[in-house]
Participant: 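Before anything else, here's the structure in question.
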Amino acid sequence: MSATAPSALRRKPEPLGPFQVGASGFVLLGTGHLALAAAAAWGDPTPQQEASSAAMRATSMTLLGLERSTLDVFHGMSSVMALFVISCAVLALFAARHSPALVERRTAFGWTLLAVSLGGLAMSALLLPPPPIVVLTVTSCAFALSLRRAKP
């Protein structure tokens with residue numbers, strides 16, 4: 001029994017756990033964004049928000065022959081990007097579940113998610129309030145830990 005105890009202590013931690021934390025953070029980020037957008041849409045706007053929305057409604061742009069108000073483009077892009085983040089995270093979780101080697105070895109799969117997370121963190125630090133900064137810090141650390149634990 002004493003021969004198995006040291007080998008159990010030397011076993012390298014698995015990379016899948018931190019990976020799942022990172023991908024789940026992306027799901028949280030996207031759903032949190034959609035929830036806040038819905039709450040803002042259903043809430044009573046402040047006079048400043050109403051003035052801003054009116055100005056965005058008053059201006060429009062034509063993209064590929066379709067004319068849209070700036071407000072519509074802003075809300076549409078925001079919602080689509082949140083759904084895209086959620087979808088990519090769910091796909092990453094499914095891929096890791098069905099092909100764990102993608103995470104257990106240092107592959108482009110893990111490096112790509114770390115790069116996306118770090119890029120999002122950098123943009124969030126410049127442009128957004130603290131909640132997405134915190135979530136993306138956790139996701140970046142989780143993906144980095146997963147890669148550190150993975151086999152080369």
Side-chain angles (χ1 to χ4, degrees), residues 13-152:
E14 294 294 321
L16 193 55
F19 180 87
Q20 290 170 330
V21 169
S24 297
F26 280 178
V27 172
L28 175 66
L29 186 70
T31 55
H33 178 80
L34 288 175
L36 288 174
W42 288 324
D44 291 327
T46 65
Q48 294 87 357
Q49 290 170 327
E50 190 54 49
S52 171
S53 293
M56 291 175 80
R57 271 189 224 98
T59 59
S60 65
M61 57 181 72
T62 303
L63 301 168
L64 302 173
L66 298 172
E67 187 172 350
R68 301 286 188 254
S69 74
T70 303
L71 186 64
D72 290 340
V73 172
F74 174 80
H75 287 305
M77 290 296 290
S78 176
S79 298
V80 166
M81 290 298 110
L83 290 171
F84 185 75
V85 167
I86 294 166
S87 299
C88 288
V90 169
L91 284 172
L93 288 167
F94 283 145
R97 181 176 180 174
H98 294 289
S99 183
L102 289 171
V103 177
E104 292 167 351
R105 300 194 62 79
R106 290 185 192 137
T107 64
F109 183 71
W111 287 107
T112 300
L113 288 167
L114 176 60
V116 167
S117 186
L118 288 170
L121 176 59
M123 288 188 292
S124 293
L126 292 172
L127 304 170
L128 299 175
I133 296 169
V134 171
V135 171
L136 287 166
T137 299
V138 171
T139 63
S140 297
C141 290
F143 287 133
L145 180 60
S146 176
L147 283 166
R148 186 172 195 277
R149 289 181 177 179
K151 297 173 192 166

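Just so it is clear, the structure is predicted and the values come from calculations on it, not from any experiment.
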Participant: Could you pull out the closest heavy-atom pair between A92 and L113, with the gap in Å?
Facilitator: CB-CD1, 4.0 Å

Participant: Anything under 3.5 Å between a donor and an acceptor, one on a side chain of residues 79-87, the other on a protein residue two or more places apart or in another chain? List them.
Facilitator:
| unit_1 | atom_1 | unit_2 | atom_2 | d |
| --- | --- | --- | --- | --- |
| S79 | OG | H75 | O | 3.1 |
| S87 | OG | L83 | O | 2.9 |

Participant: Enter the distance from F26:CZ to L91:CG here, rounded to the nearest 0.5 Å.
Facilitator: 13.0 Å

Participant: Answer whether the closest heavy-atom distance between the side chains of F143 and V21 falls below 4.5 Å.
Facilitator: no

Participant: Write down the atom of A96, the atom of L16, and the distance for their closest heavy-atom approach.
Facilitator: CB-CD1, 4.0 Å

Participant: Show the numbers, then the answer: is there a side chain to side chain contact (heavy atoms under 4.5 Å, CB included) between F19 and L102?
Facilitator: CA-CA 10 Å; F19 180 87; L102 289 171; over 6 Å; no

Participant: Can you measure from SG (C141) to CG (L114) and round to the nearest 0.5 angstrom?
Facilitator: 9.5 Å

Participant: Please give me the minimum heavy-atom distance between L71 and S53, naming the atom from each residue.
Facilitator: CD2-O, 4.1 Å

Participant: Within the distance-only criterion (no hydrogens, no angle test), does the side chain of R57 pair as donor or acceptor with the backbone N or O of D72 below 3.5 angstrom?
Facilitator: no

Participant: Give me the one residue out of T137, L126, T139 that meets side-chain contact (heavy atoms from CB on, under 4.5 Å) with L121.
Facilitator: T137

Participant: Around atom CZ of R97, are there more than 12 heavy atoms from other residues, nucleotides or ligands closer than 6.0 Å?
Facilitator: no

Participant: Minimum heavy-atom separation for S140 to S117, with atom names?
Facilitator: OG-OG, 2.8 Å

Participant: State, to 0.1 Å, how close E67 and S60 come at their nearest heavy-atom pair, and which atoms those are.
Facilitator: OE2-OG, 2.8 Å

Participant: Under the 3.5 angstrom rule, does the side chain of R105 hit a backbone N or O of K151 as a donor-acceptor pair?
Facilitator: no

Participant: If every non-hydrogen atom of A150 is compared with every non-hydrogen atom of V103, which pair is closest and at what distance?
Facilitator: CB-O, 3.4 Å

Participant: More than 12 heavy atoms of other residues, nucleotides or ligands under 6.0 Å from CE of M61: is that the case?
Facilitator: yes

